[in-house]
Amino acid sequence: MSLDILGGLDDEQRAVAEAVDGPVVVLAGAGTGKTRAITHRIAHAVGTGQHEARRTLAVTFTTRAAGEMRTRLRTLGVDGVQVRTFHSAALRQLRYFWPRLSGGEFPELLPAKARLVAEAAARCDLPTDTAMVRDLAGDLEWAKVNFLSGEALAQRAAADHRALAVDAEVLGQVQRAYEEAKSRRGLLDFEDVLLVTAGALEQRPDIADEVRSTYRWFTVDEYQDVNPLQHRLLDLWLGDRDDVCVVGDANQTIYTFTGATPDYLIGFRRRYPQATEVRLVRCYRCTPQIVELANAVIAPATGTSLVLRSQRSPGSPPTVEECDDDADEAQSVARRVRTHLDAGVAARDIAVLFRINAQSEVLEEAFAEAGIPVVLRGTERFFDRPEVREVITRLRGAARAGDVGGTVGEEVRAVLASAGWTAEAPRSAGAVRERWESLSALVSLADEWSSRPDESASSLSGFVAELDSRAEVQHAPVADGVTLSSIHAAKGLEWRVVLLVGCSEGLLPLQYAETPAQVDEERRLAYVAVTRAAEHLHISWARSRQAGGRATRAISSLLAEPLSSSGVTQGPVRGSVSPGSGGRRRERSRTGPARCRICRKGLVTAQERTLGRCDSCPADLNEPLFEALRAWRLETSREKSVPAYVVFTDATLRAIAEQLPVDEPGLERIPGVGPMKLAAYGPMVLDLVRAHA
């Protein structure tokens with residue numbers, strides 16, 4: 001088994017797998033196969049009898065990463081290894097030892113801090129709006145993982161140039177009020193689980209000895225993201241031993257605002273002079289052109305230690321595009337995504353990344369207008385969502401009854417329909433839309449399952465077993481939509497096509513990044529964003545925020561020089577040739593923002609631009625035509641097996657029913673139609689208009 005395990009590794013990955021004794025530090029660049037290396041190390045150590053699976057603990061930072069590692073170990077034939085997040089591992093130990101620590105029942109875990117933080121803020125005469133509560137919660141978490149309170153909190157905040165939500169002295173008052181509120185209710189929060197577990201290991205030698213006899217060998221993924229509290233817990237697990245392998249990349253440290261620090265990774269060899277060090281720099285993810293840009297982006301950062309070398313064939317160079325305003329940029333991004341979709345790239349292989357979540361709204365509008373399905377990252381774990389748990393229960397019941405009939409995909413659709421799911425996407429956003437997307441992801445997974453060649457693919461019970469297996473390792477299905485994500489939420493993921501938007505000074509880097517350390521963090525964020533792209537990278541920025549606004553923005557200082565040094569020059573404003581675009585696009589006259597066809601005021605939102613009028617301006621809507629268009633759209637979407645809004649959005653249909661275009665040029669002038677949709681649907685839409693006009 002050992003030879004098979006080591007056979008597919010490169011020289012450096014093999015060195016990791018064979019370093020099974022003593023402390024090991026793996027410095028692994030983006031896309032270099034770090035998870036492959038450390039899972040093969042565990043499998044090799046267990047397979048050769050040098051480690052015991054049941055006494056091995058691997059910890060990482062997300063349930064998704066833990067699930068991926070478990071799946072890979074099972075594929076390698078290794079069972080029994082504990083793979084958990086820091087929090088999950090600590091919680092499991094704390095629950096087990098709680099009867100020895102306390103005579104009472106295990107405390108209730110606080111699912112979210114907002115309510116108690118708001119209560120503490122009110123007691124300190126502070127505002128309790130959502131933004132203030134969120135910022136206070138972040139400051140409280142940062143203080144706890146760094147063991148800070150009182151004067152030490154103020155000193156550390158000043159030293160780190162951390163902009164606290166309130167004065168340090170006031171934050172200390174909020175901290176005390178929050179802890180008192182938790183104590184009165186007998187609650188533990190996320191950080192308490194780690195803190196109390198560490199306290200138990202420090203104060204109870206019998207508990208520490210039992211944990212250390214249970215776990216002998218440790219692996220820590222994403223070691224650059226460890227905070228002082230997590231590191232203290234790891235030290236207590238280890239005791240006086242050094243059987244630990246850590247893997248990380250200081251170039252991808254992007255969570256210092258939560259207390260994470262790369263110091264433990266960088267200083268590992270100082271702490272363990274005898275440690276084996278292996279560097280993984282062969283990038284199997286990105287093309288040479290993307291790697292060259294990534295290296296140029298990160299080069300000025302303090303502490304840069306890894307320079308990637310692409311192992312892929314040359315690809316297309318990154319492109320950079322300057323746009324008029326944010327809405328103009330969003331529409332340009334949607335058009336470029338449509339080009340990739342038409343070229344055969346799956347929607348799930350495309351991502352649009354941005355620095356802050358507030359940038360998402362205008363992108364969502366543009367994609368809805370273009371009829372492109374999207375998936376938003378950053379929500380709760382897929383299999384923990386109430387609607388997913390409910391539907392799996394229904395599917396399990398249907399599998400036992402065995403009376404639905406049809407393919408697995410058809411059976412799943414029938415069961416989901418009984419739970420209120422429809423093939424047509426809801427027009428609203430928010431929770432309703434998120435629920436629909438969750439259930440639609442199960443439908444897509446069922447269709448994929450039905451196409452498998454093995455016999456179990458024809459069984460609904462087999463599909464339910466697959467869902468149970470995926471739920472155990474948190475292996476969520478990938479929804480068939482373009483991913484919209486913040487850079488932070490995209491860490492650890494990859495896509496064939498990445499569009500990095502909002503690359504202007506003040507957004508990337510954010511305007512409050514003033515110190516060298518803060519600018520370095522923004523630089524690392526840009527590096528992470530660039531290295532999410534495997535084959536195509538498109539960078540864009542807008543000169544102003546709103547249509548008709550002052551063009552005060554400039555391209556990001558973090559990207560300007562790297563783009564130039566990598567051979568990607570800044571292209572002109574949209575309409576001429578964009579570097580790497582492969583052709584010339586139609587010049588667009590620069591006449592300012594679109595005007596309302598009724599009052600002639602500038603149109604602001606995507607819906608207003610689609611309708612051609614202000615929301616407040618009256619318009620004559622042909623109701624029978626609008627309903628006929630919606631019925632036609634639903635029928636067409638079912639024939640093509642796509643959500644209805646992919647055919648046309650409601651805003652586009654409403655614009656047609658208001659403006660009543662009589663020919664193809666008139667129809668094409670309505671935003672959301674475009675040449676491809678005109679060719680596919682134009683004659684049918686115009687027939688409906690003529691019939692109802």
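In this chain, residues are counted from 1 in sequence order.
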### Query
If you round to the nearest 0.5 Å, how far is CG of Leu76 from CZ of Arg74?
12.5 Å
### Query
Would a distance-only check, ignoring hydrogens and angles, find a side-chain to backbone donor-acceptor pair under 3.5 Å from Arg394 to Glu390?
no
### Query
Just checking, any donor-acceptor pair under 3.5 angstrom between side chains of Ser540 and Glu329?
yes
### Message
Regarding Arg553 and Asp326, does a basic nitrogen lie under 4.0 Å from an acidic carboxylate oxygen?
### Response
yes
### Query
Below 4.5 Å, heavy atoms only, C-beta onward: do Leu559 and Trp541 meet side chain to side chain?
no
### Task
Report yes if some heavy atom in the side chain of His538 is under 4.5 Å from a heavy atom in the side chain of His340; otherwise report no.
yes
### Task
Can you measure from NZ (Lys491) to CD (Glu222) and round to the nearest 0.5 angstrom?
3.5 Å
## Note on the structure
Taken to the nearest 0.5 Å, the spacing of Gln224 CD from Phe61 CZ works out to 7.5 Å
### Task
Taking the side chain as every heavy atom from C-beta outward, state whether Arg285 and Arg312 have any atom pair closer than 4.5 Å.
no
#### Entry: Nearest-0.5 Å distance that lies between atom CG in Leu395 and atom CG in Leu442
7.0 Å
#### Entry: Results of side-chain contact (heavy atoms from CB on, under 4.5 Å) for Ala301 - residues two or more places apart only
Ile298, Thr304, Asp520, Arg523
#### Entry: Verdict with supporting geometry, Trp421 and Val391, side-chain contact (heavy atoms from CB on, under 4.5 Å)
CA-CA 10 Å; Trp421 177 84; Val391 165; over 6 Å; no
### Message
Determine whether a donor-acceptor pair (N or O, by modelled atom type, separation under 3.5 Å) exists between the side chain of Gln289 and the backbone of Gly315.
### Response
yes
### Message
Please determine whether the number of non-hydrogen atoms from other residues, nucleotides or ligands lying under 6.0 Å from atom CZ of Arg545 exceeds 12.
### Response
no
### Task
Side-chain contact test, heavy atoms from C-beta onward, threshold under 4.5 Å: evaluate it for Val412 versus Val408 and give yes or no.
yes
#### Entry: Ala542 backbone acceptor or donor facing Ser504 side chain under 3.5 Å
no
### Query
Hey, is the main chain of Glu322 close enough, under 3.5 Å, to the side chain of Arg543 for a donor-acceptor pair?
no
### Query
Got a donor-acceptor contact below 3.5 angstrom from the Gln13 side chain to the Thr32 backbone?
yes
### Message
Could you check whether any side-chain heavy atom of Asp11 comes within less than 4.5 Å of a side-chain heavy atom of Arg282, counting everything from C-beta outward?
### Response
yes
Side-chain donor-acceptor distances from residues 482-490 under 3.5 Å, at least two apart:
residue: Ser486; atom: OG; partner: Ala489; partner atom: N; Å: 3.2
residue: His488; atom: NE2; partner: Ile254; partner atom: O; Å: 3.0

### Message
side-chain contact (heavy atoms from CB on, under 4.5 Å), that's the test. Do Thr85 and Thr62 meet it? Break it down for me.
### Response
CA-CA 6 Å; Thr85 63; Thr62 66; 5.6 Å; no
### Short side-chain to backbone donor-acceptor contact, Ser556 and Leu508, under 3.5 Å
yes
### Query
In Å, rounded to the nearest 0.5 Å, how long is the span from CD1 of Ile290 to OG1 of Thr531?
9.5 Å
### Within-4.5 Å side-chain heavy-atom neighbours: Leu6 and His40
no
### Summary
Heavy atoms of Phe354 and Ile356 approach each other most closely as CD1-O, 3.1 Å
### Message
Please find the pair of heavy atoms, one from Pro288 and one from Pro314, that lie closest to each other, and give the distance.
### Response
CD-CA, 3.8 Å
### Donor-acceptor contact present, side-chain Ser564 to main-chain Ala560, <3.5 Å
no
### Message
Checking side chain to side chain contact (heavy atoms under 4.5 Å, CB included) between Val352 and each of Val498, Leu363, Val497, which is the one that passes?
### Response
Leu363
### Summary
Correct closest heavy-atom pair for Leu507 and Gly502 would be CB-O, 3.4 Å
### Query
Do Thr35 and Glu68 meet the criterion of a side-chain donor-acceptor pair at a distance under 3.5 Å?
no
### Task
Give the minimum heavy-atom separation between Val307 and Val281, together with the two atoms involved.
O-CB, 3.5 Å
### Summary
For Ser88, the side chain to side chain donor-acceptor pair (under 3.5 Å) test, sequence neighbours excluded, returns Arg84
### Query
Are any non-hydrogen side-chain atoms of Arg70 and Leu73 less than 4.5 angstrom apart?
no
### Query
Which heavy-atom pair separates Ser557 from Glu505 by the least distance, and what is that distance?
N-OE1, 2.7 Å
### Query
Can you name the nearest heavy-atom pair linking Asp249 to Leu306, along with the distance?
OD1-CD1, 3.7 Å
#### Entry: Donor-acceptor pair, side chain of Thr71 and main chain of Gly67, under 3.5 angstrom
yes
#### Entry: pair Leu510-Arg355: side-chain heavy atoms closer than 4.5 Å
yes
### Query
Can Arg279 and Glu12 be counted as an ion pair, charged N to O under 4.0 angstrom?
no
### Task
Before giving the answer on side-chain contact (heavy atoms from CB on, under 4.5 Å), spell out for Val26 and Lys34 the whole-Å C-alpha distance, their side-chain angles and the decisive distance to 0.1 Å.
CA-CA 8 Å; Val26 182; Lys34 69 177 179 65; 5.6 Å; no
#### Entry: Basic-acidic side-chain contact under 4.0 Å: Glu410, Arg413
no
### Task
Kindly determine whether Leu265 and Leu27 satisfy side-chain contact (heavy atoms from CB on, under 4.5 Å), including the steps that lead there.
CA-CA 8 Å; Leu265 176 67; Leu27 304 177; 3.8 Å; yes
### Query
If you measure from CZ on Arg524 to CG on Leu558, what distance do you get to the nearest 0.5 Å?
11.5 Å
